[in-house]
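Heads up: numbering here begins at 1 and tracks the sequence. Computed over heavy atoms, backbone and side chain alike; hydrogens, waters and symmetry mates excluded.
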Amino acid sequence: MATFLVTGSFGQVGSDLIPQLCKKYGKSSVIATDKYLPHADMPCEMQVVDVTDYKSILEISRERGVDCIIHLASILSALGEKNNDLAFSVNFTGTYNVLKVARELSMKMVIIPSTIGVFGADTPRENVPAITLTRPASIYGISKVFAEQISSYFSKKYGIDVRGLRLPGLISYSMPPSNGTTDYAVDMIIHAAKHKQYTCYLKENATLPMMYMPDAIKAILDIMSADRERLRYNLEYNVQAFSFSPKDLENELQKYLPDFRVSYVPDYRQEIAETWPRSLDISESIVDWNFNPSYDFSGMVRDMYEHLSMGDMGNE
Ligand code: SER
């Protein structure tokens, strides 16, 4: 039985992953950590761990016999542009610290999500393959190219089984939006359900790859249990379920709320979105570890709308 330590447990992905991890592997196998502990309950033990502090990760991992770190702590694209130093310490130093601890303690596995943010203005826009130019424009993207490269390096040089996948924009109702560029989508759905009006910081035609959170959680659990022999990459697996633009989402929401209106006032996040692809080639994720998302665009909007109408939104 493995012991998992999860960093950044109370962010958007962690809040939904931790309960599923506990369900699959047992509550006593999971240690949920973050820089601060939330007021909300978690189904497992919670500890304060600052990923920028190597010793803080090492000590708890050694003490508790951790053999897999799931490294979710990350500063997303929009906040990273506002605070380069914070992004550097969490995303670069934090990732390096996690891999060093895994090497020091000869861990079985490390999971590190990557992102569509690794792509840049000179990446093709449509059906982007896993291996392509990755010259991003944001510090978040640069930090995740670093994560991809250093993971391959640690995997080859030290034999650590580092796995991950490039997450697209994720839509979920458990947490409010958290400083990404794609978070307008969650924000727009919340505003549709509550305020009938929304001001979008991207242009109406800014199409981006996206996925509903239950499919992202399933994808993370699936790649964790995939046969290593079948995995040709470490973190470079593209995943997405659908692509849509802000206008597509506005139109879909108007099916439920005909009076809902969006105005478009693009800001610096539009510049980030313009360097990201509109769609990804996910074929290698399907072949290597059976990636198989179940929600389509309208199914995701329906489910989100239903949950938000019932008042399901963490911290709100
Ligand atoms: N959701 C991320 C962001 O917008 C991209 O992976 O920063």
Side-chain angles (χ1 to χ4, degrees), residues 1-9 11 13-14 17-18 21 25 28-35 44-75 86-115 117-118 130-131 134 139-167 220-237 288-289:
M1 171 68 75
T3 300
F4 300 93
L5 181 140
V6 184
T7 72
S9 299
V13 175
L17 179 64
I18 296 278
L21 211 53
Y25 295 99
S28 56
S29 304
V30 182
I31 307 168
T33 76
D34 213 314
K35 197 170 174 190
C44 61
E45 178 186 347
M46 297 189 277
Q47 294 286 346
V48 171
V49 169
D50 177 358
V51 294
T52 66
D53 175 10
Y54 171 70
K55 278 196 184 145
S56 132
I57 316 169
L58 180 67
E59 276 162 18
I60 183 166
S61 299
R62 179 178 279 145
E63 207 176 277
R64 310 303 294 279
V66 170
D67 41 26
C68 175
I69 296 182
I70 303 175
H71 179 43
L72 304 180
S74 184
I75 301 298
L86 179 66
F88 189 87
S89 59
V90 174
N91 297 7
F92 288 82
T93 308
T95 299
Y96 190 59
N97 283 343
V98 163
L99 288 169
K100 272 203 311 177
V101 169
R103 179 182 64 193
E104 175 73 21
L105 301 181
S106 306
M107 285 190 190
K108 281 192 201 138
M109 194 185 286
V110 178
I111 305 294
I112 306 178
S114 186
T115 168
V118 296
I131 302 305
T134 46
I139 190 150
Y140 173 61
I142 296 167
S143 73
K144 288 296 188 177
V145 171
F146 166 76
E148 291 186 354
Q149 299 283 318
I150 195 83
S151 295
S152 298
Y153 176 81
F154 267 65
S155 166
K156 286 193 191 83
K157 184 152 182 171
Y158 304 113
I160 301 173
D161 184 359
V162 193
R163 305 177 180 199
L165 65 189
R166 288 183 181 136
L167 295 173
I220 293 170
L221 295 173
D222 284 350
I223 203 166
M224 282 172 68
S225 52
D227 181 357
R228 178 75 251 177
E229 301 301 306
R230 286 180 58 192
L231 299 181
R232 71 190 92 178
Y233 304 127
N234 293 104
L235 311 190
E236 290 86 353
Y237 282 106
D288 289 9
W289 50 276

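Closest non-hydrogen pair, S152 versus E236, comes out as OG-OE2, 3.8 Å. When every heavy atom of S143 is checked against every heavy atom of Y140, the shortest pair comes out as OG-O, 2.7 Å.
Using the six-membered ring where Trp is involved, Y96 and F154 have ring planes that are perpendicular, over 60° apart on the 30 and 60° scheme.
D53 is not listed as a side-chain neighbour of N97, based on a closest heavy-atom distance of 4.5 Å or more. Two residues are said to be in side-chain contact when any heavy atoms from C-beta on lie closer than 4.5 Å; V101 and V66 fail this criterion. Inter-residue side-chain proximity for F88 and I75 is flagged as unmet; no heavy-atom pair is nearer than 4.5 Å.
Remark: the backbone N or O of V90 is not paired with any side-chain donor or acceptor of T93 at under 3.5 angstrom. In this structure, the side chain of Y237 engages the main chain of R232 through a donor-acceptor pair within 3.5 Å. Within the 3.5 Å criterion, the main-chain N or O of A73 finds a donor-acceptor partner in the side chain of T7. Side-chain N or O atoms of D288 include none that pairs as donor or acceptor with a backbone N or O of L231 at under 3.5 Å. In this structure a side-chain-to-backbone donor-acceptor pair under 3.5 Å is missing from K144 to N91. S155 places no side-chain N or O within 3.5 Å of a backbone atom of V162 that could act as its donor or acceptor partner. Judged by distance alone, the side chain of R166 and the main-chain N or O of A130 form a donor-acceptor pair under 3.5 Å. Without hydrogens or angle criteria, D67 side chain to K108 main chain gives no donor-acceptor distance under 3.5 Å.
Around atom OH of Y153, no more than 12 heavy atoms belonging to other residues, nucleotides or ligands sit under 6.0 Å away.
Taking CD1 of I223 as the reference point, atom CG of L235 lies at 8.5 Å (rounded to 0.5 Å). One distance of note links NZ of K100 with CD1 of I160; it measures 12.0 Å at 0.5 Å rounding.
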Exercise for review: Could you check R64 against L5 for side chain to side chain contact (heavy atoms under 4.5 Å, CB included), going step by step and ending with a plain yes or no?
Suggested key: CA-CA 9 Å; R64 310 303 294 279; L5 181 140; over 6 Å; no
Exercise for review: Please test L21 against M224 for side chain to side chain contact (heavy atoms under 4.5 Å, CB included), starting from the C-alpha separation and ending with a verdict.
Suggested key: CA-CA 11 Å; L21 211 53; M224 282 172 68; 4.1 Å; yes
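With S61 as the partner, the side chain to side chain contact (heavy atoms under 4.5 Å, CB included) test is satisfied by one option alone out of L105, T3, V98, V49: L105.
A donor atom on one side chain and an acceptor atom on the other are not found under 3.5 Å apart for S151 and N234.
A salt bridge (charged side-chain N to carboxylate O under 4.0 Å, His left out) check over residues 151-162, counting only residues at least two apart or in different chains, returns the pairs D161-R163, D161-R228.
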